[in-house]
Amino acid sequence: MNNQKIWLSSPHMGGTELNYIHEAFDTNWIAPLGANITEFEHDLEKYLSHGLFVTALSSATAAIHLGLILLGVKTGDVVICQSMTFSASANPILYQGATPVFIDSELETWNLCPIALESAIIDCIYKGQIPKVIITVHLYGVPYKIDEVRAVANKYNIPILEDSAETLGSSYKGEKCGTFGDISVFSFNGNKIITTSGGGAIVTSNHQLKEKAQFLASQSKDEAPHYQHSEIGYNYQMSNICAGIGRGQMKVLDEHIALRRSMHDFYVSLFENIPGITVYSTTNPDYFANYWLTSILINPEKTKNGINRETIRLTLMDSNIECRPLWKPMHLQPLYENYPFYGNNIAEALFKNGLSLPSGSNLTDLDRDRISAVLLKLLS
């Protein structure tokens, strides 16, 4: 434990962020208004290059919540959600008083299974309620089955809320993730590809939706010389300081993606001849993954001495190297275990045997040497 800690995914500054923070201070725009917010949103819109509109917010969770509101989700509605994800994808469903229905993963991308998705929709319709929204998630930077899921959604006329928290810079058939949903969201949490310290964004298809998102995010203040409110609002705006960090981070986004992909290649090479270890990768040329986190599956029936996920996790922890089990599926969480689930327990098996490894864009050769030495000593 004497070695400096190697983090799973720590913030990585590019060097220009302070310029924009100083600009905010020099112009006294410290509130959730100012040029940094406007320019950060424009940078994201230009990067997505799809004629979409971006609203910077305090978190991706806030973005999902507003997305559900914009798509008309109300108390008593049913919302379908990928089960294998972080709780922030699902919690806003409960904020709205709606009922979540969870869908299993498929093995190719670990994301929403189109077959289980359609089974759930058919069953919901049979029970008398068409799902209001489908929340899709791109896990660990790998796009979900875009065409297959969209075909199911269109068949039943259900909008998609695309959770791209982990996939800024990933793409499918040359189109950026964050452009495939009827509404999409990004995260700029401290561990993401780029960060604004804390923050997120909602991506909408027309300027009226953007204006509505901004209205809701700023406490739904009516036009009046006094504070007047005709509908419930939220304190979901991003600060001009945080947006300044984001402007600086956008300048190094492509570099950070390349470095994350390089870390993925490092693990592919490291485990190439290690029995029982599979690196989560996409070989389909239609998919470009940013590999936000590189994850592995461990098969104890093939590893040396039956080594399993926990053996590897604890060994790395003893060497002051952070790693993390895959997302525990929502349908296994105490909060959600009594809600419907459709699938074949693929997500459960992935959680049982999967581990995310240090993947930051700021990891050094020395860090890689330490990681390699610990893992090879254990597994070879």
Phe86 side chain near Asp163 side chain, heavy-atom distance below 4.5 Å: no
More than 12 heavy atoms from other groups under 6.0 Å of NZ on Lys304: yes
Minimum heavy-atom distance between Ser105 and Trp110, given as atom pair plus value: OG-O, 2.9 Å
Chi angles and distances behind the side-chain contact (heavy atoms from CB on, under 4.5 Å) call for Leu335, Asn91: CA-CA 10 Å; Leu335 177 62; Asn91 287 345; 3.8 Å; yes
Test item: side-chain donor near acceptor, His229 and Gln219, under 3.5 Å: no
Non-hydrogen atoms of Ile371 and Phe266 that approach each other most closely: CG2-CE2, 4.4 Å
Donor-acceptor contact present, side-chain Trp292 to main-chain Ser359, <3.5 Å: no
Listed partners of Asn240 passing side chain to side chain donor-acceptor pair (under 3.5 Å), at least two apart: none
Sidechain-backbone polar pair: Ser59 side chain, Ala62 backbone, donor-acceptor under 3.5 Å: yes
Donor-acceptor under 3.5 Å (Asp182 side chain, Ile160 main chain): yes
Phe351 versus Pro325, closest heavy-atom pair with distance: CE1-CB, 4.2 Å
Distance, nearest 0.5 Å, that separates OH of Tyr20 from CG of Asp26: 14.0 Å
Student check: side-chain heavy atoms of Tyr144 and Tyr172 closer than 4.5 Å: no
Heavy-atom side-chain contact between Tyr47 and Leu168 under 4.5 Å: yes
Check: Asp43 side chain, Arg247 main-chain N or O, donor-acceptor pair, under 3.5 Å: no
Asn308: partners by side chain to side chain donor-acceptor pair (under 3.5 Å), with sequence neighbours left out: Thr311
Donor-acceptor pair, side chain of Ser9 and main chain of Asn191, under 3.5 angstrom: yes
Rounded distance [0.5 Å steps], CE in Met330 versus CE in Met84: 10.0 Å
Those residues that, when tested against Leu259, pass side chain to side chain contact (heavy atoms under 4.5 Å, CB included) (two or more places apart): His12, Glu255, Ser361
Shortest non-hydrogen contact between Arg370 and Ser319, atoms and distance: NH2-O, 2.9 Å
Distance-only polar pair, side chains of Thr364 and Asp367, donor-acceptor under 3.5 Å: yes
Trace of the side chain to side chain donor-acceptor pair (under 3.5 Å) decision for Thr278 with Asn299: CA-CA 8 Å; Thr278 304; Asn299 184 347; over 6 Å; no
Under 3.5 Å: donor-acceptor pair, side chain of Glu106, backbone of Thr109: yes
Any donor-acceptor pair under 3.5 Å from Gln333 side chain to Lys328 backbone: yes
Side-chain (Asn344) to main-chain (Ile346) donor-acceptor, under 3.5 angstrom: no
Hydrophobic cluster membership, Met13 vs Ile241, 4.5 Å side-chain cutoff: yes
Audit row: Phe180, Thr136, side-chain contact (heavy atoms from CB on, under 4.5 Å) steps and yes/no: CA-CA 10 Å; Phe180 298 111; Thr136 58; over 6 Å; no
Leu70 and Ile202, any side-chain heavy atoms less than 4.5 Å apart: yes
Nearest heavy-atom neighbours spanning Arg260 and Asn290: CB-O, 3.3 Å
Atom pair CD (Glu108) and OG1 (Thr282), whose distance is rounded to the nearest 0.5 Å: 6.5 Å
Glu148 side-chain N/O to Pro114 backbone N/O, donor-acceptor pair under 3.5 Å: no
Under 3.5 Å donor-acceptor, His256 side chain and Ile194 backbone: no
Test: Glu322 and Lys5 ion pair at under 4.0 Å: no
Closest non-hydrogen atom pair between Lys221 and Phe215, with its separation: O-CE1, 3.2 Å
Aromatic ring pairing Tyr336/Tyr339, orientation class (parallel under 30°, perpendicular over 60°, tilted between): tilted
Test: Arg261 and Asp265 ion pair at under 4.0 Å: no
Cys124 vs Ile130, side-chain contact (heavy atoms from CB on, under 4.5 Å): CA-CA, chis, key distance, verdict: CA-CA 6 Å; Cys124 287; Ile130 299 175; over 6 Å; no
Centroid separation His264 to Tyr291 less than 6.0 Å: yes
Positive for side-chain contact (heavy atoms from CB on, under 4.5 Å) with Leu68, one of Asp77, Ile93, Ile183: Ile93
Trace of the salt bridge (charged side-chain N to carboxylate O under 4.0 Å, His left out) decision for Arg150 with Glu162: CA-CA 11 Å; Arg150 175 52 77 180; Glu162 178 191 7; over 6 Å; no
Heavy-atom neighbours of Lys352 NZ exceed 12 at 6.0 Å: no
Phe40 ring center within less than 6.0 Å of Phe188 ring center: yes
